[in-house]
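Take a look at the structure below.
Only a predicted model underlies this, so the values are computations on that prediction, with no experimental measurement involved. All chains are named by letter (A, B, ...) in the order of the sequence lines, taking the proteins before the strands, and each is independently numbered beginning at 1.
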Amino acid sequence: MQAFTTLPERVPVLIAGGGPVGLTLAALLAEQGIASLTIEADDAYCVGSRAICMSRRSQEILGWVGADKPLAEKGLSWTGGRSYFRHEEVLHFEMPSDPLQRYAPMVNIQQFYVEQYAHRALQRHGDLAQVAWSSRVGDVRDLGDAVDVAIETASGPRTVRADWVVACDGGRSTVRELLKLHFHGMQYEGRYVIVDIEQDTQRPVERLAWFDPPSNPGSTILMHRQPDNVWRIDYQIADDEDADEAIKPENVLPRVQSHLDMIGETAPWKPLWISIYNAKCLTLDSYRHGRVLFAGDAGHLVPIFGVRGLNSGLDDAGNLAWKLAWVLRGAAPESLLDTYSQERVHATRQNIEYGAKSTEFMAPPDYGFRLLRDATLRLARVDASVNELINPRQSSPITYAGSQLNQPDGAPSTGNAAAPGQPAPEALLERDGKPVHLTSLFGRGFVALVNGTTSGLAALQALQDKTRGAASPFEVVTLGQGGYADPHGQARKHYGAQPGTVYLIRPDGYVMGRWADAGAAASALAAAAPFYA
Amino acid sequence: MNSTELDTAYTALAHALTRVGQAQSPLFLSMLCLSLMSRNPDLGQVLALIEQAEAQHSA
């Protein structure tokens, strides 16, 4: 990647770290018309496949910048998996999916492809989103009304003044260190070696797990297929094994060979990447510190099991981008950014809770968890009532229960699926005979979803007309005559059938409020109006 | 009991087992099983589950 970029003296948003979260954030900001400068220490995309499982929610977020299509084309989608105890299958799980869905529940793809697609997405905006490769953040000084960032570039030191800095610089974040901030939480002792190998295979794309396999007695092994004939293999090492020894090829390759032999994968293969991992449950207590914000691994580290790492980082970017845009436009107070921290710290704590449960099964931390896992695996062969305990609890979007942005629930009888704070459920609609997924309308401005006609609808439509052509327009989606059809009943199912119900959906696809009374449209307008004043 | 509830019970039991320790676990688990059995209205099911666990534990 070309190293030299003429750095601007001043930029609205400086993003420290050009990994998948930083590049996606830059693309999302550009989509909102906000300029940014991304500082990346490396001279190119990451090496090794690293995070490989992209959730449906992550695909949706990448869709806001047009990076979903290349991801779906290149990636390998999957919907379920199998777990084995020794030779016997003890779990076959399927994630919720249906033929009308916009995205598969999960897509496997090497992280560097995600970085590439996000980078291409931001390049479509020309100079609005600049990336300075081979550049490092050396110092961060919060001046109160701006931040001065000292940057070491290939052509010498520079200082850039930013309105806001977002640290997306990973688990060993330089920005976090410079601000003397510390993670809180715990980590598990159990260590896994992560190996990527290249091997031709015809096996279906599934998450595969073996407990105590004859190929590696006592160990636990995970396998995922990736594009380009790459296998991700994770296996747990014994507590007394030395980490440096464990990742030496002479110790890794025989174990991999033994397992490939066991499952009948006989094609020639070669290792691509070897790393080691232990589950961590660590977070900053706040993701906003003055004018510096934290996203992705820079702000939190969650266990690998359940794939909540990069997926939660992209959710951070999706939550933060619109809020930064509104604040920078002067259309919202800076306190809107506090809701970013509140919502995403809450999400991390939930992710840690789920991730800890996954870890306690995949790498039992003590006697009690070891004994119960042994019991579960033996019992699962004959007693299906315990099989769910083996389910890996894959990442799903977190509900922002208790968020300050949530409006009082004005339609509780409609059910919990689309209550304020929930990620707005998908619905395949139809307009002028063409299919339109509701979620494809998210990612820009607020969306009002109106069931049929209601008094006050004209005022909502007036706001839509007023903001047409803006970077974050207000959009009214009317279900019924003259609007969108609901041919599969998905909107009815998730949003209720009561005519006159109005939902207000945030730019990041979360339900902010819903109302079912005669003043529903007026209430939605009152909630949206401050954002379009 | 749904799968989330089973999960919660599983985690609570794992922590209790670790606190009790390996040596006292048989006694602890026997006490717990007695309590659970006495609350199960179906003797036939209890006897079948004992048989099932015995058949699987050494397999």
message: Only heavy atoms, only distances under 4.5 angstrom. Which residues in residues 87-99 of chain A are near chain B?
response: none
- request: Would you give the length of the straight line joining atom CG of Asp239(A) to atom CZ of Arg191(A), rounded to the nearest 0.5 angstrom?
  value: 7.0 Å
- prompt: How would you list, in number order, the residues of residues 15-35 of chain B that have a heavy atom less than 4.5 Å from chain A?
  reply: His15(B), Leu17(B), Thr18(B), Gly21(B), Gln22(B), Ser25(B), Leu29(B)
- request: With a 4.5 Å cut-off on heavy-atom pairs, point out which of Arg370(A), Glu388(A), Arg393(A) contacts chain B the most.
  value: Arg393(A)
message: Sort by residue number and list every residue of residues 356-369 of chain A having at least one heavy atom under 4.5 Å from chain B.
response: Lys357(A), Glu360(A), Phe361(A), Asp366(A), Tyr367(A), Gly368(A), Phe369(A)
query: Can you find a pair of side-chain heavy atoms, one from Arg207(A) and one from Val307(A), that are under 4.5 Å apart?
result: no
query: Distance from Ser312(A) atom OG to Arg57(A) atom CZ, nearest 0.5 Å?
result: 12.0 Å
- prompt: What class does the angle between the rings of Tyr400(A) and Tyr510(A) fall in, given that below 30° is parallel, 30 to 60° is tilted and above 60° is perpendicular?
  reply: parallel
- prompt: Just checking heavy atoms, which of residues 371-386 of chain A are less than 4.5 Å from chain B?
  reply: Leu371(A), Leu372(A), Arg373(A), Thr376(A), Arg378(A), Leu379(A), Arg381(A), Val382(A), Asp383(A), Ser385(A), Val386(A)
message: Any non-hydrogen side-chain atom of Met106(A) less than 4.5 Å from a side-chain atom of Ser55(A)?
response: yes
message: Just by distance, no angles: are the side chains of Gln101(A) and Arg56(A) close enough, under 3.5 Å, to form a donor-acceptor pair?
response: yes
- prompt: How long is the gap from CZ on Arg349(A) to CD1 on Ile398(A), to the nearest 0.5 Å?
  reply: 13.0 Å
